[in-house]
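Data first, discussion second: the structure below is written as structure tokens.
Computation of the quantities below employed the complete heavy-atom set of this structure, encompassing side-chain atoms and omitting hydrogens, waters and symmetry-equivalent molecules.
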Amino acid sequence: MHHFTYLNDSMFCEEVAVAEIAREVGTPFYLYSTATLTQHFKAFDSAFADIPHITCFAAKACSNIAILRLFGSLGGGTDIVSGGELFRARSAGVDPKRIVYSGVGKTAEEIRYALETGILMFNAESEQELNLIQAVAAEMNVMAPVSFRVNPDVDPKTHAYISTGLAKNKFGIPIESAIEVYRLAKQMANIEVVGVSCHIGSQLTQVAPFVESLAKVKLFIGMLKDAGITIAYLDLGGGLGIQYKDEEPPHPEAYGQAIKKELAGLDCTLILEPGRVIVGNAGVLITKVLYTKEGKKKFIIVDAGMNDLARPSLYDAHHSIQAVTNPGREKVVADVVGPICETGDFLAREKQVPAAVSDDLLAVMSAGAYGFSMSSNYNSRPRVAEVLVKHDQFHVIRAREEYETLIQGEMIPDFLKER
Ligand SMILES: *Cc1c(COP(=O)(O)O)cnc(C)c1O
């Protein structure tokens, strides 16, 4: 369910005509619907309404501070994976006690920053990281709340690049040996062991892998209990998939039911870290057709490229492409490509797309997750604007970058200034 619909053959985001926004802010731009974001957050959060839980939105999916603030205002928190995301969550006004810090490579500076902020907990991923957290916390004379991310060795049945819960993946501590790290941590003067976490992958379209990993984690929590270690938080990560094309992922309600059933008897607060399922279908990328080319193949050359939306190039991901006006128009099989000097620069490859000509606007659907947040300045392209619609108003939540921003921080050393 989303709020990008047609009225009189023209695409609207809630009550605003997309073409109108394009006239005002130019193209390309990311466009999000407040109603859709809110509805998706609530659908997910309410699936756990009857048990103690915190829904910590995974900032890396869509990290604009306006979006983080929206979820914060709905009672959610933030799952961060870097000091930069912590800065964003703080700038958005997210309650520190609703911030969890995941990721396999935290630095001493980032750990210090998180301890100063007073976050809910670290999800530590190795013994070496634990040692560093202990050292930094001792230096600051504070207690560090730590949970460990265990790797349950479960196949999430998703794209290899976004599988994280297999033994061969770099993430977490193997669940068989994790008890040792807990024992170690328990002895440490500045570590408070508060939880267990796991996150097995992204774009999961079945409930079974979640249940399988939860079953393993549950056994593990029992082992911890026997060892005299009780935990307050069980963090199940994110990973629930969305429909890009013909996938049929479970509804958050069904996901919640399955989790709660498996959870029965465990006495801890559940932490959830959904990203994609909340924002994926709440955002689109609007781009304008520059040229068309016709030879052996049809190409539609648009003003957005792989630097603006990396998913097609990176994962060969499918994004449906729709015409912003006259959606009933003829379809053609074509490549929709950007201006980047790479053959891998495409938004769609040999797909049925609207027959579009110069100056037509196209909407790249389901681009809210890992869209803007993965964008880059490759080919020295200023990053695009982000726009948030609420009812009949639109708000620019990130201005299009200027050329000046591109060289910010760059310097010509003196030896090159001579003559
Ligand atoms: C990426 C990530 C998430 C969010 O994943 P989605 O598939 O977007 O829900 C949650 N937790 C951790 C630790 C992650 O790395």
Side-chain angles (χ1 to χ4, degrees), residues 1-6 11 32-33 35-49 55 57-58 60-62 152 154-166 169 198-215 236-263 270 272-285 309-312 314-322 327 331 333 347-354 363-371 374:
M1 196 28 222
H2 60 69
H3 293 77
F4 299 95
T5 50
Y6 289 92
M11 183 185 277
Y32 311 100
S33 149
T36 313
L37 291 165
T38 303
Q39 184 183 315
H40 288 182
F41 181 89
K42 286 185 173 169
F44 189 96
D45 194 54
S46 67
F48 299 93
T55 300
F57 172 69
K60 76 176 189 289
C62 187
V154 167
D155 186 354
K157 302 195 171 65
T158 182
H159 191 285
Y161 289 4
I162 49 177
S163 286
T164 58
L166 282 165
N169 301 139
C198 84
H199 169 74
I200 57 172
S202 197
Q203 182 55 13
L204 273 73
T205 53
Q206 297 168 32
V207 173
F210 288 115
V211 174
E212 193 188 332
S213 71
L214 175 52
L236 288 180
L240 192 58
I242 63 166
Q243 184 174 48
Y244 286 100
K245 191 181 178 191
D246 45 16
E247 304 91 339
E248 288 179 352
H251 188 274
E253 187 58 37
Y255 166 78
Q257 289 299 340
I259 296 291
K260 285 186 290 188
K261 186 167 163 234
E262 188 64 35
L263 209 59
L270 200 58
L272 300 141
E273 303 172 345
R276 188 189 313 269
V277 69
I278 305 216
V279 293
N281 280 319
V284 302
L285 171 64
L309 178 64
R311 298 189 71 260
L314 192 58
Y315 311 123
D316 208 14
H318 173 88
H319 285 269
S320 152
I321 293 185
Q322 296 185 13
K331 294 255 172 138
V333 173
L347 300 176
R349 203 161 48 168
E350 287 170 20
K351 296 273 167 66
Q352 285 269 346
V353 295
V364 184
M365 306 305 288
S366 311
Y370 306 99
M374 283 184 120

Discussion item. Tell me the closest heavy-atom pair linking Val277 and Gly241, and the distance in Å.
Written reply: CG2-O, 4.0 Å
Practice prompt. Please report the closest heavy-atom contact between Phe44 and Leu240, naming both atoms and the distance.
Written response: CE1-CD2, 4.3 Å
Practice prompt. Just jot down the ring-ring contact (aromatic ring centres under 6.0 Å, His included) partners of His318, sequence neighbours excluded, or say none.
Written response: none
Discussion item. Is there a side-chain contact between Tyr32 and Cys62 in this structure, where contact means two heavy atoms from C-beta onward sitting under 4.5 Å apart?
Written reply: yes
Worksheet entry | Between Thr55 and Asp45: side-chain donor-acceptor atoms closer than 3.5 Å | yes
Worksheet item: Taking it one step at a time, do Gln257 and Val207 satisfy side chain to side chain contact (heavy atoms under 4.5 Å, CB included)?
Response: CA-CA 10 Å; Gln257 289 299 340; Val207 173; over 6 Å; no
Worksheet item: Using a distance-only test with no angle check, is there a side-chain donor-acceptor pair under 3.5 angstrom linking His319 and Ser366?
Response: no
Discussion item. Minimum heavy-atom separation for Ser46 and Ala43, please, with both atom names.
Written reply: OG-O, 3.4 Å
Worksheet item: Under the 3.5 angstrom rule, does the side chain of Ser33 hit a backbone N or O of Ala282 as a donor-acceptor pair?
Response: no
Discussion item. Rounded to the nearest 0.5 Å, what separates atom CD1 in Ile278 from atom CD in Gln39?
Written reply: 11.5 Å
Discussion item. Under a plain distance cut-off of 3.5 Å, with no hydrogens placed, do Gln203 and Tyr244 share a side-chain donor-acceptor pair?
Written reply: no
Practice prompt. Identify, with sequence neighbours excluded, every residue that meets side chain to side chain contact (heavy atoms under 4.5 Å, CB included) alongside Ala61.
Written response: Phe57, Val279, Ala369, Tyr370
Worksheet item: Quick one: CE on Met365 to CG on Leu285, what's the gap to the nearest 0.5 Å?
Response: 11.0 Å
Item to complete: Could you point out which residue of Leu37, Thr36, Thr38 forms a side-chain contact (heavy atoms from CB on, under 4.5 Å) with His40?
Response: Thr36
Worksheet item: Hey, is NZ on Lys42 packed in by over 12 heavy atoms from elsewhere, all under 6.0 Å?
Response: no
Practice prompt. Evaluate the criterion side chain to side chain contact (heavy atoms under 4.5 Å, CB included) for residue pair Ile259 and Leu270; output intermediate values, then yes/no.
Written response: CA-CA 10 Å; Ile259 296 291; Leu270 200 58; 4.2 Å; yes
Discussion item. For Lys331 versus Pro354, what's the shortest heavy-atom pair and its separation?
Written reply: CD-N, 4.1 Å
Worksheet item: Looking at CZ of Arg349 and CG of Asp316, how far apart are the two atoms once the value is rounded to the nearest 0.5 Å?
Response: 5.0 Å
Worksheet item: Does the pair Leu214 and Leu263 meet the rule for a side chain to side chain contact (heavy atoms under 4.5 Å, CB included), with working shown?
Response: CA-CA 8 Å; Leu214 175 52; Leu263 209 59; 4.0 Å; yes
Discussion item. With a 3.5 Å distance limit and no angle check, can you tell me whether Glu247 reaches the backbone of Lys245 through a side-chain donor-acceptor pair?
Written reply: yes
Worksheet item: Just how far is it from atom CG of Asn281 to atom CD1 of Ile242, taken to the nearest 0.5 Å?
Response: 4.0 Å
Worksheet entry | Distance in Å, Ile200 CD1 paired with Phe210 CZ, rounded so as to fall on 0.5 Å steps | 5.5 Å
Discussion item. Between Thr158 and Ser202, does the side chain to side chain contact (heavy atoms under 4.5 Å, CB included) criterion hold? Intermediate values first, please.
Written reply: CA-CA 7 Å; Thr158 182; Ser202 197; 5.6 Å; no
Discussion item. Checking the side chain of Thr205 only, and the main-chain atoms of Pro249 only, is there a donor and an acceptor separated by less than 3.5 Å?
Written reply: no
Discussion item. Using 0.5 Å steps for rounding, measure from the CD atom of Gln322 to the CE atom of Met11.
Written reply: 4.5 Å
Practice prompt. Mind telling me whether Phe4 and His2 have parallel, tilted or perpendicular rings, with 30° and 60° as the class edges?
Written response: tilted
Practice prompt. Identify the heavy atoms of Gly201 and His199 that sit nearest to each other, and give their distance.
Written response: O-CE1, 3.3 Å
Worksheet entry | Donor-acceptor under 3.5 Å (Ser213 side chain, Val154 main chain) | no
Item to complete: Looking only at non-hydrogen atoms, find the nearest pair between Glu262 and Val211 and report the distance.
Response: OE1-CG1, 3.6 Å
